[in-house]
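The structure appears below as structure tokens.
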Amino acid sequence: MLRSGCPAVMAVQVCFRGQRLALLKLKLSRSVSHSSVSVSEPDSHTHTHTPVPFSRSAIGNFFQERPLLTNPFTQDALLRAYLQRHLPEQQLQQDLLLFGERLVSEIEALGRQCELSPPVLQHYDAWGRRVDRILTCDAWTRLKHISAQEGLVAAGYERTYGEWSRVYQMSKIYLFAPSAGLYTCPLAMTDGAAKVIESLGAPVREAFERLTTRDEKRFWTSGQWMTERRGGSDVSSGTETVARRQQDGGFKLYGFKWFTSATDADMTLTLARITDRLGRSTAGSRGLSLFLAEVWDSEGLCNGIEVQRLKDKLGTRQVPTAELLLDGMSAQLLSEEGRGVASIANMLTITRIHNTVCAVGAMRRITHLCREYARKRAAFGKLLKDHALHVQTLSRLEVETRAAFLFAMEVCRLLGREENKSASDRETLLLRLLTPVAKLYTAKQAVSVVSEGLESFGGQGYIEDTGLPSMLRDAQVLSIWEGTTNVLSLDVLRSIAKSSGSVLQAFFTDVTERLLAAEASAALRPAVTSLNTSLSSLKRFTLTAAARPSETLELSARDLAYSLARVYMGALLVDHAAWENATHMDIYTALRWCDQDLCPVVSRDAAGCYDPQTAAMDTALVYDGLQN
Ligand code: MFK
């Protein structure tokens, strides 16, 4: 029990007695802390010399060493092993090694500068002329040049490594992302625009060349302006922008784009409804067409656009995100009339894959920083790395990161094979199914892994100038842009329905083959058994699900997507661990991954979560107690 004269109790009393006694509180707390600090610290009451203001001794001698970033390529055991297995070309390894050096010596600082010098909008020039210029910092421009030089988009189209070209390109994006101050955002859209142009065979050769060049002076980035005030997800009914045909065959666009990311782009793809002579247009998806527009004219002025304002966002502060009034923006029709959504879907596939790769990049960066810090930070008499519970937490983050990495790379491999025209029907179906699954699952993982990673720095993880909080802010967008988790879960259902279940057949066959190939490994047996059991339950669920009413099917969509993700990631981990040069760590990762509920859709179904009455119960619970 505390006595009233003890310092802690007196401090509390001071709080209750008000401001006049605040000094007393300060004195008491000083006397408390002096009792525990080193004898070398001066005592202002007894010291014979004049104390030196702000001397080192006044703030103590200990400073925690910060975690250092070293070449992220050489530090990444799984990336290197994966490339060793599939893409061991010396030239490629050398390129990634040098790129890793450049990340540390140059790019990391540029990325940080972008965070600290966010873009600003200049509405008027000094003489009152409306200019609507988006001013970005020098580092942002430099990152554009570096992106071109390093071929961060170009590598996907040069196809130097044939069907593995996307794996090569995305390995660089994966390394680049956590250092690059979100320059990955314009790169994702640029890649997506190039893919749309290539897929449609559209006659816009110069644009395609500029989007895919390594020449920094010619390099263009593209925007993707889809979101309007009525709908970010529901694009088809939310798009109000109209396109008026001009006599020269071009179009003028009128509308309001509510979110446009990286608005400083050179060109953009956007959706609009073509009007007839009477100004009428077709509603819904069938009324939307896809357009290409250059954003700036030769004098740097907007092409029929007013930049209303820049968005004030939780994160991605490096990226200019604007509200735009299109007031006669000149544009060129890119798709067939009324095929806008289907045509821009190619862009969504690419940007969703970029999102996946960047999510894994964020996870990898935080896990590297955490393990580095754990070698330097001591608490309770030993380094964090010697506290078993701390290391268990980091090891769980590592398992998440490795599973996510293999998933991301597999989707990139499938994309590369499709583009190289070497994909089997099964691989094409898998690409369609796994793209939304990978995007939605890795985005959620990234938020959770980065958040847990920050916690391992204690209070420092919450301090801005460590650079750590921005990692969490920037991770949070990954599950929002390019389709939220639920919208993508519904896209998974769309892919199943549209293929009459063929995407699921492809999934089951692929996983079964991977598990069969790993069956010989005794060490992997618990993981393989667990995955086989989950796969069988998943098959049974999907067979019965087809006969359920669509509302109940929708209720299971997110859990189904999670189950597909966990089973597939398990199969990839097992597949990697069964490779002849795999390490014990690969086996351990696969076993740990399979510890969890791999098939939540089955366990939740058994718990009645998708029964007909649950939707009404969910609504009652959510609105319980709401007044009016
Ligand atoms: C680090 C990475 C950085 C990334 C940076 C990005 C920054 C940019 C930020 C943004 O722009 S965020 C905004 C992104 N917006 C979205 O992601 C939209 C989310 N909404 C959807 O995805 C909806 O599902 C969708 C708009 C596609 C639904 O539209 P509809 O019209 O209701 O779809 P519908 O009628 O089912 O399909 C129309 C056609 O598109 C069909 O083809 P067909 O006409 O041939 O039958 C579909 O098959 C096709 N389709 C739809 N989704 C598809 C697809 N095809 C292939 N893949 C898909 N995912």
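Computed from a predicted model, the values in this text were never measured in an experiment. Numbering of ligands and ligand atoms starts at 1, following listing order.
- Of the listed residues (Lys144, Arg102, Arg214), just one forms a side-chain hydrogen bond (donor to acceptor under 3.5 Å, both in side chains) with Gln149, and that residue is Arg102.
- A cation-pi arrangement is present between Arg166 and Tyr157 under the rule of less than 6.0 angstrom and at most 45 degrees off the ring axis.
- Evaluation of the side chain to side chain contact (heavy atoms under 4.5 Å, CB included) rule for Ala193 yields Leu211, Ser222, Met267, Leu269, Met347 as partners, not counting sequence neighbours.
- Summarising the local packing, CZ of Arg159 is surrounded by more than 12 heavy atoms from other residues, nucleotides or ligands at distances under 6.0 Å.
- Protein residues having a heavy atom under 4.0 Å from any atom of ligand 1 are Cys185, Ala188, Met189, Gln224, Thr227, Gly232, Ser233, Val235, Ser236, Ser261, Ser285, Arg339, Val341, Ala342, Ala345, Leu348, Arg352, Asn355, Cys358, Arg432, Trp481, Glu482, Gly483, Val487, Asp491, Arg494, Lys498, listed by chain and number.
- Exactly one of Arg558, Arg432, Lys498 qualifies for a salt bridge (Lys or Arg N to Asp or Glu O under 4.0 Å) with Asp491. That residue is Arg432.
- For the pair Glu410 and Arg413, the salt-bridge criterion is met [side-chain N within less than 4.0 Å of a carboxylate O].
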